[in-house]
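Numbers here simply count residues along the sequence, with the first being 1.
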Amino acid sequence: MYVMLLGAPGAGKGTQAHVLAEKLDLAHVASGDLFRDNLKQGTELGLLAKSYMDRGVLVPDEVTIAMVKERLAKPDCQQGAILDGFPRTIEQARALDDALKEMDKKIDKVLSIDVSEQELIRRLSGRWICRNCQASFHESSRPPKKAGACDECGGELYQRADDTVETARKRLDVYNEQTAPLIDYYGQAGVLVDINGEQDIELVLSDLLSVLQR
Ligand code: ADP
Ligand code: AMP
């Protein structure tokens, strides 16, 4: 099963993908995490990506597509994956369709998580992420049990440089211009399901699971 979580920055894709991947035994493929891993390792790709990420704009399609295709070719993705943050442009969506077709596979469901702009900004500016396992916390909606430490692995929590209000606003504009057209793209393909993302984390999860386990 190949599932894509579609939604603006802060919609809760990472939070839900983390749990869904474990519950459904699927790989979690998050393009933003792949770029940040590359940056941590000091690769050329990581440094290139940083110059775009810092400005809140998208990394060029060619580079992003090559990175995700390489990830999808790994053994843990052969039975399926939860895609989080990819595709983000029509060109990426077409490339993904082609790549899956070559593997004799296809996207089964695209779950579009809808959250208002005001709530997205509130979520991004209060977000804390685990350096070790990438679990996402929020200073008021999902506070860690112990300040500064991940509930799941004890790793150190940090705030992303691109989660400032200014860069978050830029990322939302980029989402509306370049990524929102995917709602029509997948609607026409007949795989899109809308999810109300403005509910408690557990309720969003149960809506997602009820679609995927149908
Ligand atoms: P995305 O991966 O879509 O950018 P995240 O999953 O990292 O978003 O969530 C953004 C922030 O919002 C995090 O701080 C997370 O803890 C919080 N969050 C996620 N889902 C909800 C929700 N349903 N209600 C309130 N806060 C949420
Ligand atoms: P995210 O972790 O999904 O919020 O992504 C953080 C940043 O990484 C984005 O603002 C982009 O600069 C870059 N990025 C992540 N995924 C993609 C993608 N599919 N296409 C282009 N850029 C991406």
Side-chain angles (χ1 to χ4, degrees), residues 3 5-43 45-47 49-50 52-56 59 67-68 71 74 76-77 81-86 111 113 115-172 175 195-209 212:
V3 177
L5 300 186
L6 177 61
K13 304 179 298 296
T15 302
Q16 300 296 340
H18 196 78
V19 183
L20 287 175
E22 200 180 298
K23 274 196 189 292
L24 303 174
D25 199 19
L26 297 170
H28 176 190
V29 176
S31 43
D33 288 348
L34 293 174
F35 285 130
R36 283 183 290 275
D37 279 351
N38 270 278
L39 183 59
K40 205 152 93 185
Q41 286 159 26
T43 69
L45 171 63
L47 288 174
K50 183 180 178 340
Y52 295 93
M53 294 166 87
D54 282 350
R55 287 182 285 137
V59 178
M67 175 185 73
V68 175
R71 177 70 187 88
K74 299 242 160 90
D76 66 322
C77 292
I82 309 273
L83 295 166
D84 160 10
F86 180 92
L111 302 162
I113 307 179
V115 174
S116 70
E117 201 136 321
Q118 192 187 358
E119 172 66 3
L120 291 170
I121 296 284
R122 190 195 70 83
R123 288 188 189 178
L124 292 173
S125 50
R127 170 158 74 179
W128 289 81
I129 292 175
C130 175
R131 263 191 216 289
N132 180 46
C133 74
Q134 274 71 51
S136 209
F137 296 86
H138 188 276
E139 56 195 25
S140 53
S141 309
R142 195 197 173 204
K145 291 193 184 90
K146 186 175 156 227
C150 176
D151 288 1
E152 294 178 28
C153 74
E156 183 202 359
L157 302 184
Y158 78 104
Q159 287 193 290
R160 275 169 49 178
D162 58 349
D163 276 349
T164 59
V165 172
E166 196 193 359
T167 311
R169 282 198 199 285
K170 174 69 191 169
R171 287 157 63 209
L172 295 186
Y175 172 81
I195 302 289
N196 173 10
E198 223 158 309
Q199 322 173 69
D200 285 350
I201 293 175
E202 291 67 29
L203 293 177
V204 177
L205 178 65
S206 87
D207 282 2
L208 292 168
L209 281 171
L212 297 177

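- Between atom CD of residue Glu202 and atom CG of residue Asp207 there is a gap of 12.0 Å, rounded to the nearest 0.5 Å.
- Counting heavy atoms from C-beta on, the side chains of Asn38 and Met67 come closer than 4.5 Å.
- For the residue pair Gly10 and Arg123, the shortest heavy atom distance occurs at O-CD, 3.2 Å.
- Residues Glu198 and Leu120 form no side-chain contact, since every pair of their non-hydrogen atoms from C-beta on lies 4.5 Å or further apart.
- Taken to the nearest 0.5 Å, the CD1 atom of Ile113 stands 7.5 Å off from the NZ atom of Lys13.
- Within the model, atoms CG of Leu205 and CG of Asp200 stand 12.0 Å from one another, a figure rounded to the nearest 0.5 Å.
- Proximity of Ser141 to Arg122: side-chain heavy atoms (C-beta onward) are separated by under 4.5 Å at one or more points.
- For residues 24-41, the salt bridge (charged side-chain N to carboxylate O under 4.0 Å, His left out) pairs, not counting sequence neighbours, are Asp33-Arg36.
- Of all heavy-atom pairs between Ala149 and Gly154, the closest is CB-O, 4.2 Å.
- Met53 and Gly32 get closest at one heavy-atom pair: CE-O, 4.1 Å.
- Cys150 is listed as a side-chain neighbour of Phe137, based on a closest heavy-atom distance under 4.5 Å.
- Side chains of Leu208 and Val204 form a contact here, defined as non-hydrogen atoms less than 4.5 Å apart.
- Minimum interatomic distance between Asn132 and Gly155 (heavy atoms only, all atoms of both residues): CB-CA, 4.3 Å.
- Panel note: side chain Thr167, backbone Gly56; no donor-acceptor pair is recorded below 3.5 Å.
- The two residues Thr15 and Ser136 come nearest to each other via the heavy atoms OG1-CB, 3.7 Å.
- For residues 159-168, the salt bridge (charged side-chain N to carboxylate O under 4.0 Å, His left out) pairs, not counting sequence neighbours, are Arg127-Asp163, Arg160-Asp162, Asp162-Arg171, Asp163-Arg171.
- Atom CG of Leu47 is separated from atom CG of Leu39 by 6.5 Å, given to the nearest 0.5 angstrom.
- Closest approach of Ser140 to Pro143, counting heavy atoms only: O-CD, 3.5 Å.
- Interatomic distance, CG of Leu111 versus CD1 of Ile195, reported as 5.5 Å (0.5 Å rounding).
- Listed by first and then second residue, the side chain to side chain donor-acceptor pair (under 3.5 Å) pairs involving residues 147-156 are His18-Glu152, Arg131-Glu156 (not counting sequence neighbours).
- Summarising the geometry, atom CD belonging to Gln16 is positioned 8.5 Å from atom CG belonging to Leu209; distances are rounded to the nearest 0.5 Å.
- Contact check for Leu212 versus Leu20: side-chain heavy atoms found under the 4.5 Å cut-off.
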Decide yes or no on side chain to side chain contact (heavy atoms under 4.5 Å, CB included) for Leu34 and Leu45, but give the supporting numbers first.
-> CA-CA 10 Å; Leu34 293 174; Leu45 171 63; over 6 Å; no
